[in-house]
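First comes the structure, then the notes that go with it.
Just so you know, these numbers use all the heavy atoms, side chains as well, and skip hydrogens, waters and symmetry mates.
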Amino acid sequence: MLFHPQTYRIPDRPNVPFIDPLEIEEILCVTRDPSIERVREVVGKSLSRQRLSLAETAVLLNADTPEARNLILESARQLKQAVYGNRIVLFAPLYIGTRCINQCSYCGFRANNRTAVRHTLTHSEIQSETEALEDAGHKRLILVYGEHPRYDARYIAQTVKWVYEVKKGHGEIRRININAAPLDITGFRTVRQSRIGTYQIFQETYHPEAYRKYHPAGPKRDYDYRLTAFDRAMQAGIDDVGLGALLGLYDWRFEVMALVRHVNHLEACFKVGPHTISFPRIKTASQVRLPLEHLVDDEDFIRLVAILRLAVPYTGLILTARERAALRDRLIEYGVSQIDGGTKLEIGGYCSDKPGQNIHKEQFELNDKRPLAEIIETLVSQRRIPSFCTACYRKGRTGEHFMEFSVNGFIKRYCTPNGLLTFSEYLEDYAAPDLRSKGWRLIESELKGLSQTDIPLATELSKRLELIRLGERDLLW
């Protein structure tokens with residue numbers, strides 16, 4: 001294990017709030033204007049696949065010269081390739097319900113937005129939406145819920161069960177992640193029993209004063225309860241969690257530092273870091289006036305993604321369709337490992353082409369509206385492997401077991417074969433003929449590269465790929 005616990009003014013203990021804003025600001029202050037030699041030293045540690053300390057992360061955040069910025073970007077590119085190879089994981093969000101009792105000032109679903117249409121998908125609507133997603137080729141979903149008494153742990157578990165039950169042709173959803181309100185330990189245990197993958201909760205902003213400003217009413221106003229949600233999840237046996245901050249509510253450097261501090265807290269208390277980190281930028285929403293003071297421009301956004309990749313080499317970085325296509329394509333180079341494809345944010349949106357389908361307003365503005373097939377076509381043209389892999393979760397490589405592989409860089413040995421196998425399934429079952437031909441040529445090229453370094457692996461993988469051509473499916477590596 002390459003991570004070593006660090007000493008903070010607030011000691012890390014389960015269920016105890018751990019963010020000290022003054023400490024984070026002080027670290028950012030004392031690391032200002034780092035020398036290029038110091039920046040090289042820090043990125044050198046990252047390239048050896050070691051986690052960065054909070055102070056080392058601050059050095060990169062404060063490195064403002066063109067030379068330092070270029071070094072950070074190039075180092076992040078190298079690290080991304082070394083750890084993740086050419087693959088990019090694909091998923092889709094499925095909004096289950098828009099009811100909410102919070103008053104988040106930046107969100108179109110907030111309780112006092114009278115223009116919002118409130119709707120919760122019925123069992124049959126969930127089935128139809130899931131079938132539409134399976135018809136597109138998806139195997140991984142994240143179910144999204146407003147914060148409302150109706151969407152309690154038992155309801156979440158029930159809807160997960162409904163989605164897993166949908167099978168259409170070769171279509172099936174093999175991994176369901178969750179984005180929902182924090183639960184108590186009992187609630188997390190209930191959801192865990194439904195076989196979820198990752199439980200995702202965004203702190204939105206980690207700055208306590210800013211948090212209170214943007215959350216004036218509702219249960220979400222409780223900063224500490226939200227901050228310690230993953231402690232309760234871990235205690236309930238959910239060892240795959242996803243952190244996130246909504247960039248634009250406070251200074252982005254502070255938010256990056258706080259995300260890394262959250263990683264440190266989980267590792268110190270539970271010996272398990274987060275499976276993913278998300279960093280959506282705030283976007284236009286219904287009846288919302290965006291705060292302008294802390295908006296993050298594209299260049300700083302690219303830079304912060306690269307810094308997160310260097311700070312936490314083993315953690316998946318998620319970039320959503322909030323961002324435009326060209327920027328998403330670029331950010332994959334510098335650290336992003338998961339993206340959504342063919343996304344529809346409005347309730348019922350995946351079945352919108354059906355006569356009489358009731359479509360409801362989306363939560364925020366979407367900027368990449370490409371269908372999944374077009375995104376895959378682009379990835380293939382860039383010689384990237386679109387992956388629908390769900391093997392680690394179902395083979396037990398989660399939590400601390402996942403860390404054993406990923407921290408040491410061995411996850412590529414598992415992820416590349418599983419990525420190729422699931423991509424071949426997509427090509428056989430859903431791709432147009434031209435894309436199928438291009439995709440199989442890319443797979444053959446990857447196999448050729450593997451055979452130069454690991455002949456037994458390449459040989460066995462070739463056998464399984466042939467089985468998929470013959471009709472077998474879900475061959476886990």
Quick one: salt bridge (charged side-chain N to carboxylate O under 4.0 Å, His left out) partners of [X], sequence neighbours excluded?
X	answer
Arg436	none
Asp231	none
Arg221	none
Arg324	Asp298

Problem set entry | Tyr206/Phe254 aromatic ring centres below 6.0 Å |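 They do not qualify: ring centres at least 6.0 Å apart.
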Exercise. Does a donor on one side chain and an acceptor on the other come within less than 3.5 Å for Thr228 and Arg232?
Worked result: yes
For this session: Please work out whether the ring planes of Phe301 and Phe279 are parallel, tilted or perpendicular, with thresholds of 30° and 60°.
Result: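 Rings of Phe301 and Phe279: perpendicular, over 60°.
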For this session: Evaluate the ring planes of Phe188 and Tyr199, with Trp represented by its six-membered ring, and classify them as parallel (under 30°), tilted (30 to 60°) or perpendicular (over 60°).
Result: perpendicular
With sequence neighbours excluded, what pairs up with [X] under the side-chain contact (heavy atoms from CB on, under 4.5 Å) test?
X	answer
Leu475	Arg464, Leu467, Ile468, Glu472
Thr186	Asp184
Lys213	none
Leu295	Ile282, Leu292

Exercise. Would Arg226 and Asp222 pass as an ion pair if we require N to O under 4.0 Å?
Worked result: no
Exercise. If you look only at pairs with a residue in residues 254-264, which of them pass as a salt bridge (charged side-chain N to carboxylate O under 4.0 Å, His left out), with sequence neighbours excluded?
Worked result: Asp12-Arg261
For this session: Please list all pairs passing the salt bridge (charged side-chain N to carboxylate O under 4.0 Å, His left out) test where one or both residues lie in residues 148-163, with sequence neighbours left out.
Result: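 Those involving residues 148-163 are Lys161-Glu165.
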Problem set entry | Partners meeting side chain to side chain donor-acceptor pair (under 3.5 Å) with Thr159 (sequence neighbours left out) |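 Applying side chain to side chain donor-acceptor pair (under 3.5 Å) to Thr159 gives Tyr145.
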Which side-chain N or O atoms in residues 420-427 pair as donor and acceptor under 3.5 Å with protein atoms at least two apart or in another chain?
{"residue": "Thr422", "atom": "OG1", "partner": "Phe388", "partner atom": "N", "Å": "3.0"}
{"residue": "Thr422", "atom": "OG1", "partner": "Asn418", "partner atom": "O", "Å": "3.0"}
{"residue": "Thr422", "atom": "OG1", "partner": "Gly419", "partner atom": "O", "Å": "3.2"}
{"residue": "Ser424", "atom": "OG", "partner": "Leu420", "partner atom": "O", "Å": "3.4"}
{"residue": "Ser424", "atom": "OG", "partner": "Leu421", "partner atom": "O", "Å": "2.6"}
{"residue": "Glu425", "atom": "OE1", "partner": "Arg174", "partner atom": "NH1", "Å": "2.9"}
{"residue": "Glu425", "atom": "OE1", "partner": "Arg174", "partner atom": "NH2", "Å": "3.1"}
{"residue": "Glu425", "atom": "OE2", "partner": "Arg174", "partner atom": "NH2", "Å": "3.2"}
{"residue": "Glu425", "atom": "OE2", "partner": "Asp474", "partner atom": "N", "Å": "2.5"}

